[in-house]
There are 2 protein chains.
Amino acid sequence: MTPEPADSIRSAGLRVTSQRLAVLEALDGLPHADTDTIHRRVREAQPDISLQSVYVVLGALTEAGLIRRIEPAGSPALYERRIGDNHHHAICTGCGAVQDIDCAVGHAPCLTPAQPTGPAAPGTFAIMTAEVTYWGLCPACHQNSQNQQNSQNHKKENA
Amino acid sequence: MTPEPADSIRSAGLRVTSQRLAVLEALDGLPHADTDTIHRRVREAQPDISLQSVYVVLGALTEAGLIRRIEPAGSPALYERRIGDNHHHAICTGCGAVQDIDCAVGHAPCLTPAQPTGPAAPGTFAIMTAEVTYWGLCPACHQNSQNQQNSQNHKKENA
DNA sequence: CACTTATTGTGAGTAATTCATAATAAGGAT
DNA sequence: ATCCTTATTATGAATTACTCACAATAAGTG
């Protein structure tokens, strides 16, 4: 059985608080949410929790490894509960939707980079992790863009 | 021979201005600089240019594809002149140093992700690009961390 | 050289996040 | 069960990175 949130918080050496439990619970229904969204969701259970407290809680949980933070370009930080498997993300350039993508290469993906190149190639990094972000269109946005394409073609045909 | 900056600006359909030339020139000596750093460098040649103008220039050059913007987690946006080859980056978690890394897999790296997974796996994205960020320690920071490790061991040995 | 319009300058405004410090509550000790 | 210590949360201000509105300027065309 999956460990109780309270237990995982405690075994991370942190105190169990209603705020932390509420944030973890909120995250269950919000696979990749930003702080503001999480705050709104948490407020349904705890109307008085402040946004700043949500920041603090998210920071503590992230540092403890109980949740994971991703920071896609052009987006505020997003948090997810799925941890420990170093999966990656596909992000829709149309609507910002995020989808989990399993690591294609195995346990430590793409962890064998080519040699450094470019003007400042001072030596070899000690690589710890590799993070892959796929940019593209989600099914819905892809559909929309194709429809637009088609209607433009029709306009040209009928001009 | 490499094309003159002025020409590449012009052939991107943009007007050639001293500000744009100065930013491109500054970027030559700053492989992965943030807006503020670029601004300081540009001011050596053009003392009156405002930070906001540098933002605007960087935005225009990025949109025109003459420079590339990267946005590593926890860092302001960085800009580089090396474009058109979809290379990747190694970033030092110690000091923030950035190093270019050639794509290991060929033209479009890691562009064949595994199937989507997780609670919200609504369908397949139309992936356009993949961005790989390697996190680790640069040679200098790696050295430092090992020295610290060693001196701690010595302390234990001599305790 | 004049004229149109892209570009830049200036200042204010915003979003996301952090910080300082006072108030509160968790969990161990009594 | 209650007290006490200290982690955690609340509150409000501050900061960072960036964007926007609009007036001033200067590229490039005729």
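Between B:Ile91 atom CD1 and B:Tyr134 atom OH the span is 12.0 Å, to the nearest 0.5 Å. How far CD1 of A:Ile38 is from CZ of A:Arg43: 13.5 Å, rounded to the nearest 0.5 Å. Separating the CD atom in A:Glu25 from the CG atom in A:Leu30 is a distance of 11.0 Å, to the nearest 0.5 Å.
In this structure, the side chain of B:His88 engages the main chain of B:Val132 through a donor-acceptor pair within 3.5 Å.
Residues forming a salt bridge (Lys or Arg N to Asp or Glu O under 4.0 Å) with A:Arg81 (at least two apart in sequence, or on another chain): A:Asp28. A:Ala45 is linked by a side-chain contact (heavy atoms from CB on, under 4.5 Å) to nothing, counting only residues two or more places apart in sequence or in another chain. Qualifying side-chain contact (heavy atoms from CB on, under 4.5 Å) partners for A:Thr93, counting only residues two or more places apart in sequence or in other chains: A:Trp135, A:Leu137. Considering only residues two or more places apart in sequence or on other chains, B:Ser75 meets the side-chain contact (heavy atoms from CB on, under 4.5 Å) condition with B:Pro72, B:Leu78.
Spacing between atom CD of A:Gln52 and atom C1' of D:dA13 amounts to 10 Å, rounded to whole angstrom units. One interatomic measurement links the two molecules: CG of A:Leu51 to P of D:dT11, which rounds to 12 Å at whole-angstrom precision. Atom CG of A:Leu21 and atom P of D:dT8 are 13 Å apart (whole Å). Rounded to whole Å, the distance from CG on B:Asp34 to C1' on D:dA17 is 10 Å. At whole-Å resolution of the value, CG in B:Asp36 and P in D:dT16 are 10 Å apart.
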For each nucleotide in nucleotides 25-30 of chain D, reading 5' to 3', give B when a protein heavy atom comes within less than 4.0 Å of its base, S when such contact involves only the sugar-phosphate, and - otherwise. -BBS--
Using residues 13-24 of chain A as the side-chain source, report each donor-acceptor pair under 3.5 Å to any protein atom, sequence neighbours left out, with the distance given to one decimal.
from: A:Thr17; atom 1: OG1; to: A:Arg20; atom 2: N; distance (Å): 3.1
from: A:Ser18; atom 1: OG; to: A:Gln46; atom 2: OE1; distance (Å): 3.4
from: A:Arg20; atom 1: NH1; to: A:Arg15; atom 2: O; distance (Å): 2.8

Got a list of side-chain donor-acceptor pairs under 3.5 Å for residues 49-61 of chain B, not counting sequence neighbours?
from: B:Ser50; atom 1: OG; to: B:Ser53; atom 2: N; distance (Å): 3.1
from: B:Ser50; atom 1: OG; to: B:Ser53; atom 2: OG; distance (Å): 2.9

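Rounded to 10 degrees, the angle separating the terminal helix axes of the helix from C:dC1-D:dG30 to C:dT30-D:dA1, each built from five base pairs, is 30°.
For residues 44-73 of chain A, the set of pairs meeting the salt bridge (charged side-chain N to carboxylate O under 4.0 Å, His left out) definition, not counting sequence neighbours, comprises A:Arg68-A:Glu80. Applying the ring pair (Phe, Tyr, Trp, His ring centres under 6.0 Å) test to residues at least two apart or on different chains, the pairs with a partner in residues 18-54 of chain B are B:His32-B:His89.
Contacts between residues 53-78 of chain A and DNA chain D, counted as heavy-atom distances below 4.0 Å, involve A:Ser53, A:Val57.
In summary, contact between chain A and DNA chain C, defined as any nucleotide atom under 4.0 Å from a heavy atom of the protein, begins and ends at C:dA16 to C:dG27 in the 5' to 3' direction.
Of the N and O atoms on the side chains of B:Asp100 and B:His87, at least one donor lies less than 3.5 Å from an acceptor on the other residue.
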